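Quick caveat: nothing in here was measured; it's all calculated off a predicted structure.
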Amino acid sequence: MLNKYARAFFTRVLTPFAALLLRLGVSPDTVTLIGTGGVMTGALVFFPRGEFFWGTVVITLFVFSDLVDGTMARQSGRSSRWGAFLDSTLDRVADAAVFGGIALWYAGRGEDPVLCAVAVFCLASGQVVSYTKARGESIGLPVNVNGLVERAERLVISLVCAGLAGFETTFGVPHIGILLPVALWVVAAGSLVTVLQRMVTVRREAAEADAAEPAGGERAEPAGGGAADGASGNGASASGRSGHRSENA
């Protein structure tokens with residue numbers, strides 16, 4: 001839901017910046033790589049030390065590269081399947097770094113095994129949310145559902161609450177640190193619901209497709225049946241740089 005309304009707005013805002021980068025000779029793939037590296041740095045350098053405010057600041061500065069590189073690709077006419085694949089793949093890496101950094105904090109100085117486990121569940125379930133959509137599409141199903149918590153929701157809820165929680169350690173604001181555990185539980189529950197929504201949808205669409213086939217007809221699975229994790233992001237088709245950016249659920 002956030003992706004549907006927020007992506008168009010921020011794309012318009014960032015379009016002049018994307019045009020500037022193109023004039024400077026920067027490629028969309030370079031922006032994708034730098035953006036992912038920045039997110040990983042913010043998450044894996046700051047979060048495990050409990051510096052959630054500064055970690056969130058760094059991540060936020062780089063996370064918009066996910067919009068900039070696609071805008072650059074469209075403006076330059078350099079959209080490609082490779083660009084869409086690279087973008088979706090590195091989105092999974094960035095997401096894993098965010099929740100991995102939080103898990104490392106709770107496994108170490110945060111000293112909370114339960115919240116560490118919840119953060120790991122958020123990491124894993126986020127990957128599965130993307131995979132269910134990509135895998136369903138790879139076997140020829142439309143998977144006409146997005147679900148309760150897509151990638152945009154996972155990142156916004158987690159990063160906003162992590163940044164606010166950082167006010168407790170960085171600026172001494174009392175009791176606000178509770179927001180991060182709350183965010184983890186919300187994302188974990190929402191991701192589980194989203195996985196189930198997509199599985200139910202795929203089961204229904206598969207049954208309808210099987211029923212529509214001629215009696216005795218053979219169903220051939222599309223080539224490359226083992227769909228790449230998150231190949232179509234939010235679940236949209238792998239558009240990204242081959243036309244428009246994937247939503248990267």
Main-chain N/O of Trp105 paired with Arg109 side-chain donor or acceptor, under 3.5 Å: no
Cluster overlap Val200 with Val145, hydrophobic side-chain contacts below 4.5 Å: no
Test side chain to side chain contact (heavy atoms under 4.5 Å, CB included) applied to Leu21 - qualifying residues, sequence neighbours left out: Phe17, Val26, Val31, Val68, Met72
Distance-minimising heavy-atom pair for Thr132 and Arg198: OG1-CD, 3.4 Å
Nearest-0.5 Å distance, OH of residue Tyr106 to CG of residue Leu184: 6.0 Å
CZ (Arg204) with more than 12 external heavy atoms under 6.0 Å: yes
Aromatic ring pairing Trp54/Phe171, orientation class (parallel under 30°, perpendicular over 60°, tilted between): tilted
Smallest separation among heavy atoms of Arg154 and Ser130, with atom names: NH2-OG, 4.3 Å
Phe47 to Ile102 - nearest heavy-atom pair and separation: CD2-CG1, 3.7 Å
Under 3.5 Å: donor-acceptor pair, side chain of Thr194, backbone of Val149: yes
Partner residues of Ala96 under the side chain to side chain contact (heavy atoms under 4.5 Å, CB included) criterion, sequence neighbours left out: Leu123, Gln127
For Leu159 against Ile59, the heavy-atom pair lying closest together: CD1-CG2, 3.7 Å
Pair Phe46 and Phe52, ring centroids less than 6.0 Å apart: no
Nearest non-hydrogen partners of Ser191 and Val129, listed with the distance: O-CG2, 3.8 Å
Salt bridge (Lys or Arg N to Asp or Glu O under 4.0 Å) partners of residues 39-49, not counting sequence neighbours, each pair once: Arg49-Glu51
Side-chain donor/acceptor of Glu137 to backbone N/O of Val143, under 3.5 Å: no
